[in-house]
Amino acid sequence: MDAYLLALKLVFDPYVLMVITASALYGLVVGCIPGLTATMATALLVPVTFFMPPVPAIAAIVTASAMAIFSGDIPGALLRIPGTPASAAYTDEAYAMTLKGQAGLALGAGLMFSVVGGLFGTAVMMTSAPLLAEVALKFSSFEYFWMVVLGLSGAVFIGSASILKALISLMLGLLIACVGMENPAGLPRFTFGNNELASGISLIPMMVGMFAVSEILRYAVDTAPEMKTKVAQVGDVFKGMWSLTKRYKWGILRGSAFGTVIGIQPGSGADMASWMSYAMSKRFSKEPEKFGTGHVEGIIESGAANNSSLAGAWIPAVVFGIPGDSITAIAIGVLYMKGMNPGPTIFVNNPQDIYAVFLVFVLANLIMLPFGWAMIKTARRVLQISRSILMPTILLFCIVGAFAINNTVFGVVLILCFGLLAYLLEENGFPTAPAILGVVLGQMLEENFVTSMIKSDYSIAPFFSRPIAGGLAALTFLILFWPLVSWAWRNRRGTRPLADGTAG
Amino acid sequence: MTPALEGYTMKLNDAVFGALFLVLAIAVLVASRAFPAIPGQQIGPGAFPTLVASILAACSLLLIVRGLRSRQRWFEGGNWLRSPRHVLRFAAVVGALLFYLFAAQALGFVLTAVLLMIGLLRAFGVKWTTSLITAVVATLVIHAIFYKILRVPLPWGLLQGVAW
C-alpha cells in the first residue's frame with residue numbers, strides 16, 4: 001500500500017496533471033478528426049514525451065490513446081466516417097441513430113460505456129498484473145523466449161487477413177531489429193559502415209514514419225473529395241444512460257471482459273475487439289433484427305470492448321515487456337527510452353512507477369466523462385478544420401519530432417523511408433502491426449534464444465522439458481493451429497465478419 | 001491498424017513483393033555468413049539473422065507462387081495515378097521531406113519550414129493567403145515548442161544573426 005501512496009504522489013503532481021489534461025485534449029481532437037488514428041496520435045506524441053520524466057511521459061501516452069479511441073466514435077456517429085479504425089465496427093449503426101435524431105444517445109452511450117469498459121480493463125490490470133509478475137519472476141530465458149514467440153505468433157496467426165503476409169511483415173520487423181550493435185555479440189550488423197545505424201534504427205522516427213507519414217501519404221493520394229458537411233447539434237448526452245446500463249448490463253460486462261481478453265492477446269488491439277464484440281453482441285441479442293437500423297445495443301458492447309482492450313493490452317506489456325498491439329508497442333518503446341524497462345522486476349524494485357501507470361489509467365477514464373462531453377459539444381467546430389491545412393502541419397511536426405530524438409537529420413531520412421515502406425506495404429495487404437512488434441521484440445527474442453542455447457549447451461530439449469516453458473510452447477503451437485480451428489468454426493457457423501479491423 | 005480502405009490505390013502483384021523480399025533474404029543470408037564467430041561459442045551473431053532470413057525466404061517463395069497463380073495484374077495503379085493533381089500531392093509530401101533534408105542546415109529551420117509548408121499547402125489546394133498565414137504560424141509555434149521549451153538545437157542557418 002505504501003507503494004500506492006508513493007504512486008499517488010507521483011500522479012497528483014501539478015506537472016503530471018497538466019500533462020494529463022493537455023494529452024486528453026490532444027487525444028480527443030486527434031481521434032475526432034477522420035484520417036488521424038489513435039495509433040498516429042500516440043506516435044506523434046512520443047517525440048514530446050522524450051523530454052519528460054517517466055511518469056508524465058507514460059501518463060501522456062495512456063491518456064491520449066484512451067481519449068482518441070473514444071473520440072473516434074464522434075465523426076462516426078455524425079458523419080459516418082470513423083475517426084479511428086476502432087470505431088469502424090459500429091459507425092453505420094451510430095449514423096443510423098443520428099438520422100433518427102438520436103445522435104445524443106449514440107454518443108452518450110459510446111462515451112459512458114467507453115468509460116465503463118476502460119475502468120473494467122484497468123481493474124483487471126490492477127489485480128492481475130502484480131500476480132502475473134510474481135509468476136514471471138520465476139521465468140528464465142527459456143520461458144521468456146517462448147513468451148516472445150507466443151506474442152509474435154499471436155500477432156501473425158490470429159485475425160490476420162493473410163497469414164503469409166503477416167509473417168513476412170514480422171520477419172521484416174525482426175530483420176530491422178538486427179541492425180546495429182545491440183546484439184549478444186556486440187557486433188555491428190547491417191550498418192553499412194554508417195555511424196547512425198550502429199546504435200540500431202531509432203524506434204521513434206521509425207514509428208512516426210510508419211504511423212504518421214504513411215497516413216499523410218495516404219491522405220495525399222485520396223481521390224475522394226473532402227467532405228464539406230454540416231453537422232447537426234447533438235442533444236442531451238447523458239440522458240437515459242442509467243436505464244441503458246440496467247437493461248444491457250450483461251452486454252456491458254461481456255463487452256468489457258471480452259475486450260480485455262482480446263487486448264491481452266498480443267497482436268490484436270482495439271480494432272479487433274470492437275469488430276468481434278459487435279458481432280458477438282448481435283449473436284447474443286434478444287433483438288438481433290434491430291442491428292444496423294440504429295440500435296444502441298451493439299454500440300454499448302463494442303464501445304466498452306475497444307476501450308477495455310486498451311487496458312488489457314498493457315497487461316503483457318508491463319508484466320513481460322511484450323506489447324499487445326501497436327499502441328502498447330509504442331508505449332513500450334517509451335518505457336525503454338525512459339529506463340523504466342518493463343518486466344516483473346519493476347514490480348519489485350519500483351512498484352510505485354507501475355502503480356502510477358495504473359492510477360493514470362483510472363484518472364484518464366474518469367476525466368473522459370467531462371472532457372468527452374465537452375468534445376461532443378464542440379465536435380462541430382473541430383470537424384470543420386480542413387485536413388489540407390492539418391496534414392502539412394502534422395508533417396512538419398513529424399520532421400521536428402524525428403530530428404529531436406538524436407538531433408540529426410538522419411531521423412528525417414528514417415521517417416521518409418519508413419513512411420513510404422509502410423504506405424506501400426499496407427496498400428498491398430501487409431499488416432504493419434507484426435512488423436512493429438518484431439522490431440520492438442527482436443532484440444529480446446534473440447538475447448533469450450542465444451542465452452538459453454548457451455545455458456543448455458546447445459540442446460533444444462530444455463525449451464520443452466522445463467514445465468512452464470513446455471506449457472508456453474504448447475500454447476504457441478495451439479496458436480499456430482488457430483487458423484485451422486477458426487476456419488473450421490466459420491464453416492460450421494456460416495460466414496461472419498470476423499476481424500476485418502486488422503485486415504489489410 | 002490498417003484503416004478499412006475501399007479499394008487499394010497502388011497494388012503490385014504478390015510475386016513482385018515475393019521477389020523483392022527473396023532478394024533481401026538472400027542478401028541477409030550472404031551477409032550473415034561473413035560475421036565472425038565468437039571463440040568457444042557455437043552460436044555467433046549470424047545465427048539469428050540467418051534464421052529470420054530463412055523464414056523470410058521460404059515465405060517469399062510461397063508469395064511468388066501465389067502471385068503467379070493469381071493472374072493478378074503486375075501493377076494496378078489507383079485513380080490517383082491518373083490524376084496529375086494527386087501525383088503532385090504525393091510528390092509534394094516526399095519532396096517536402098527531401099527538401100528539409102538538404103536545406104535545413106543551410107537555410108535554418110524557420111526558413112526551411114515556412115517554404116516547405118507553403119509548398120505543401122499549395123499542393124494540397126489551399127489558397128495563397130491561408131497558406132502563408134498557416135505556414136508562418138505553424139512554424140513559429142512548432143519552433144517555440146521544440147526550440148524554446150524542449151531545447152532542441154534546431155539550426156538557425158541564414159537567420160543566425162537575428163536568432164531569438
Side-chain angles (χ1 to χ4, degrees), chain A residues 37 39 48 51 85 88 164-165 167-168 171-172 174-175 178 183-185 187 189-190 211 213 216-217 220-223 269 271 326 386 388-389 391-393 395-397 399-400 403-404 407 409 412-413 415-416 420 424 426-428 431-433 446 449-450 453-454 458 500-504, chain B residues 1-4 8-12 14 17 21 24 28 31 35-36 38 41-45 47-49 52-53 55-56 59-60 62-63 66 78-80 83 86 89-90 92-94 96-98 100-101 104-105 113 116-117 120-121 124-126 130 134 138-139 142 146 150 152-154:
Chain A
T37 63
T39 318
V48 179
F51 298 93
L164 186 59
K165 287 185 172 177
L167 195 57
I168 289 177
M171 292 306 141
L172 290 178
L174 289 174
L175 284 179
C178 286
N183 54 68
L187 181 92
R189 294 189 300 203
F190 314 115
F211 296 123
V213 175
I216 297 171
L217 285 170
V221 301
D222 183 8
T223 44
D271 312 8
S326 307
S386 159
S388 53
I389 288 180
M391 289 298 184
T393 314
L395 188 72
L396 185 59
F397 197 85
I399 291 174
V400 185
F403 175 83
N407 295 331
V409 284
V412 183
V413 177
I415 61 170
L416 175 60
L420 285 170
L424 203 62
E426 286 200 325
E427 288 300 296
N428 288 282
T432 48
E446 179 174 13
F449 177 67
V450 173
M453 287 301 271
I454 293 172
Y458 309 103
D500 305 52
T502 40
Chain B
M1 290 288 142
T2 321
Y8 295 104
T9 58
M10 191 198 241
K11 217 164 158 44
L12 294 164
D14 282 348
F17 276 97
F21 293 140
L24 174 72
V28 171
F35 291 147
I38 301 171
Q41 209 174 297
Q42 288 180 31
I43 294 187
F48 185 70
V52 174
I55 300 176
L56 182 63
C59 291
S60 306
L62 279 174
L63 199 63
R66 215 169 72 171
N79 293 329
W80 72 278
S83 151
H86 287 90
R89 287 159 62 114
F90 187 88
V93 176
V94 177
L97 288 165
L98 289 173
Y100 186 90
L101 271 180
Q105 204 56 43
L116 168 165
M117 284 283 287
L120 208 48
L121 286 160
F124 284 176
V126 180
T130 323
T134 313
T139 302
I142 291 180
F146 280 89
L150 303 177
V152 176
L154 295 169

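Below, all heavy atoms of this structure are taken into account, side chains as well, without hydrogens, waters or symmetry copies. Within every chain, numbering begins at 1; the chains are lettered A, B, ... in the order of the sequence lines, protein sequences first and strands thereafter.
- No other option in Thr134(B), Val93(B), Leu150(B), Val126(B) has as many heavy-atom pairs under 4.5 Å with chain A as Leu150(B).
- Comparing Val48(A), Val412(A), Val450(A) by heavy-atom pairs within less than 4.5 Å of chain B, the highest count is held by Val412(A).
- Put simply, the side chain of Phe124(B) does not reach to within 4.5 Å of the side chain of Ser386(A), judged on heavy atoms.
- Heavy-atom pairs under 4.5 Å with chain B were tallied for Leu174(A), Ile415(A), Val409(A), Ile389(A); the largest tally goes to Ile389(A).
- Salt-bridge annotation for Arg189(A) and Glu446(A): present, with a side-chain N of the basic residue lying under 4.0 Å from a carboxylate O of the acidic one.
- A heavy-atom distance below 4.5 Å is found between the side chains of Thr432(A) and Phe211(A).
- The two residues Ser326(A) and Thr39(A) make their nearest non-hydrogen contact at CB-CG2, 3.8 Å.
- The candidate with the highest count of non-hydrogen atom pairs below 4.5 Å against chain A, out of Leu98(B), Leu101(B), Thr139(B), is Leu101(B).
- Residue Leu420(A) touches chain B through its side chain alone, counting heavy-atom pairs closer than 4.5 Å.
- Heavy-atom pairs under 4.5 Å with chain B peak, among Asn407(A), Leu424(A), Val400(A), at Val400(A).
- Leu175(A) and Pro49(B) get closest at one heavy-atom pair: CD2-O, 4.3 Å.
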As a quick check of understanding, evaluate salt bridge (charged side-chain N to carboxylate O under 4.0 Å, His left out) for Glu427(A) and Lys165(A), giving each step before the final call. CA-CA 12 Å; Glu427(A) 288 300 296; Lys165(A) 287 185 172 177; over 6 Å; no

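- With a threshold of 4.5 angstrom between heavy atoms, Leu187(A) approaches chain B through side-chain atoms but not through N, CA, C or O.
- Interface residue Val413(A): backbone and side-chain heavy atoms are both found under 4.5 Å from chain B.
- Only the side chain of Phe21(B) comes within contact range of chain A, judged by heavy atoms closer than 4.5 Å.
- A distance of 4.0 Å separates CD1 of Ile142(B) from CG of Leu396(A), quoted to the nearest 0.5 Å.
- Interface remark: Ile454(A) contributes side-chain atoms only to the contact with chain B (heavy atom separation under 4.5 Å).
- Residue Leu116(B) touches chain A through its side chain alone, counting heavy-atom pairs closer than 4.5 Å.
- Here the CG atom belonging to Leu395(A) is positioned 11.5 Å from the OH atom belonging to Tyr100(B), to the nearest 0.5 angstrom.
- Interface remark: Leu416(A) contributes backbone and side-chain atoms alike to the contact with chain B (heavy atom separation under 4.5 Å).
- Asp14(B) contributes no side-chain N or O that, together with a main-chain N or O of Leu63(B), makes up a donor-acceptor pair within less than 3.5 Å.
- Residue Leu154(B) touches chain A through both its backbone and its side chain, counting heavy-atom pairs closer than 4.5 Å.
- At a 4.5 Å heavy-atom cutoff, the contact between Tyr458(A) and chain B is made by side-chain atoms alone.
- Counting only heavy atoms from C-beta outward, the side chains of Thr393(A) and Leu121(B) never approach each other to under 4.5 Å.
- Looking at Thr130(B), the atoms closer than 4.5 Å to chain A (heavy atoms on both sides) all sit in the side chain, from C-beta outward.
- Heavy atoms closer than 4.5 Å to chain A are found in both the backbone and the side chain of Leu56(B).
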